[in-house]
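Worksheet: the structure to be examined is printed underneath.
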There are 2 protein chains.
Amino acid sequence: MVAESELNTGVLLFLPYRALENRVFAALAESGFDDFTPAQARVMQRIGPDGTRLTELAEQAQVTKQTAGFLVDQLEKAGYVRRVPDPTDRRARLVCLADKARAAKETADLVVAEVEQEWEEHLGKRRTKQLREALTLLREITDPWA
Amino acid sequence: MVAESELNTGVLLFLPYRALENRVFAALAESGFDDFTPAQARVMQRIGPDGTRLTELAEQAQVTKQTAGFLVDQLEKAGYVRRVPDPTDRRARLVCLADKARAAKETADLVVAEVEQEWEEHLGKRRTKQLREALTLLREITDPWA
DNA sequence: GACTTTGGTCAGAGTCACTGACTAGTTTAG
DNA sequence: CTAAACTAGTCAGTGACTCTGACCAAAGTC
């Protein structure tokens, strides 16, 4: 009914993003990682290798400190993260990934690679490269934490 | 800390999408359309010019009928949509856009065009074309309603 | 040492989304 | 043509997500 090219770029970006996310969650659930939610995952993704402060997670995930705290609480209960004192600031604590989270991340990374492979097969090598190039460039003006 | 190119394509897709969405919502709110939520907007977006059935909206927005019904209720109360009987099926009703929604859509479209213009300025004409081309192609394997 | 900023929590409320169970028209098989 | 199967939509209940506002404690500033 609507011509393909009429869709705005936002929708065009969102469609494959959601497809990828759905695939990853399905695979994770199949591997037994079914005890966390998308919202929790979005926070977990942002945790750096040396741990990250709650406030920083909140900013990057674009939620309030309270929300981030709530999600981290649940992740902690489920055994995906630990909170350790920040040696440089006694007010703060660092949220760190636990082994369980690293295992889940491995599974997720595998699926992402798989889907990216499928996309490349569909688009061809040249267009895939162009796509990533354009998106990376776009990040400069759309990602506050670039 | 992390090299740009290390980011997976999913994140790369999501970043500009969210940037665009944020811009649109900010502009809408500024124009007085601050009485609906992102979830409601996602449903409203899917309503066709001649109205669309609730069940169809639910499928396309990837939520249950109940959720879609809830969101449409709120949109109806806020005056964005009307429900009219479906002449071809007495069980069904068509959810139609009201004038208020059309006005909001106009504002939104303007902002989308503006942002797309900015993106094109940053990327250049060639890369923009390549981006849209790749995304449109990708839609074939990622959009169930393509 | 008082003042401001920053990291984080607690309490309460509203929104979003789901499952399950149900009513009421529509379509289909015998 | 009637019973069974399907489809459109609603109601009730629950859990998940997110927000605002108030607050405490440690750092940093003057």
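So that the names make sense, note that chain A is the first sequence line, chain B the second, and so on, each numbered from 1. Just so it is clear, the values below take in all heavy atoms, side chains as well, and ignore hydrogens, waters and symmetry mates. This one's a predicted model, so the numbers in the text were calculated from it and none came from an experiment.
Within the structure, the salt bridge (charged side-chain N to carboxylate O under 4.0 Å, His left out) test picks out the following pairs touching residues 75-85 of chain B (sequence neighbours left out): B/Asp73-B/Arg83, B/Glu76-B/Arg83.
Taking atom CD of residue B/Glu59 and atom P of nucleotide C/dA17, one finds them 16 Å apart after rounding to whole Å. The interatomic distance linking B/Arg42 (CZ) with C/dT15 (C1') rounds to 12 Å, in whole Å. Protein atom CZ of A/Arg83 is 15 Å distant from nucleotide atom P of C/dG7, rounded to whole Å. As rounded to whole Å, 13 Å separates atom P of C/dC10 from atom CZ of A/Phe70. If you take CG of A/Asp73 and P of C/dC10, they are 8 Å apart, rounded to a whole angstrom. Atom CE in B/Met44 sits about 12 Å away from atom P in C/dC16, given to the nearest Å. For the pair B/Phe25 CZ and C/dT15 C1', the computed distance is 14 Å after rounding to whole Å. Summarising the geometry, the separation between CZ on A/Arg53 and P on C/dT6 is reported as 12 Å, rounded to the nearest angstrom.
Listed for the A/His122 side chain is a donor-acceptor partner under 3.5 Å among the backbone atoms of B/Leu137. Counting only distance, with no hydrogens or angles, the side chain of B/Arg23 and the backbone of B/Ala19 share no donor-acceptor pair below 3.5 Å.
Clustering ILVMFWY residues whenever any of their side-chain heavy atoms sit less than 4.5 angstrom apart, transitively, puts B/Leu131 in the very cluster that holds B/Tyr17.
Of the candidates A/Gln40, A/Lys100, A/Gln74, A/Lys100 is the only one forming a side-chain hydrogen bond (donor to acceptor under 3.5 Å, both in side chains) with A/Asp35.
In terms of phosphate contacts, B/Gln66 brings no side-chain nitrogen or oxygen within less than 4.0 Å of OP1 or OP2 of C/dC16. The side chain of B/Thr67 contributes an N or O atom lying less than 4.0 Å from OP1 or OP2 of C/dC18. The phosphate of C/dC18 has OP1 or OP2 within less than 4.0 Å of a side-chain N or O from B/Thr64.
Along DNA chain D, read 5' to 3', the first and last nucleotides having any atom under 4.0 Å from a heavy atom of chain A are D/dA16 to D/dA27.
Under the salt bridge (charged side-chain N to carboxylate O under 4.0 Å, His left out) criterion, A/Arg102 pairs with no residue, sequence neighbours left out. In this structure, the salt bridge (charged side-chain N to carboxylate O under 4.0 Å, His left out) partners of A/Glu120, at least two apart in sequence or on a different chain, are A/Lys125.
Between the side chains of B/Arg46 and B/Thr52, not a single donor N or O lies within less than 3.5 Å of an accepting N or O.
For A/Arg42 and A/Glu21, the salt-bridge test passes: some basic side-chain N is under 4.0 Å from an acidic carboxylate O. Residues A/Asp99 and A/Lys105 are not paired through a salt bridge, judged by the lack of any N-O separation under 4.0 Å between the basic side chain and the carboxylate.
When the C1' atoms of four end pairs are superposed on the next four at each end of the helix from C/dG1-D/dC30 to C/dG30-D/dC1, using five pairs per end, the two resulting axes differ in direction by 30°, to 10°.
The aromatic ring centroids of B/Phe36 and B/Tyr80 lie less than 6.0 Å from each other.
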Show each protein N/O and nucleotides 22-26 of chain C N/O combination with a separation under 3.5 Å, one pair to a line.
from   : atom 1 : to      : atom 2 : distance (Å)
C/dG25 : N2     : B/Arg91 : NH1    : 2.7
C/dT26 : OP1    : B/Arg90 : N      : 2.9

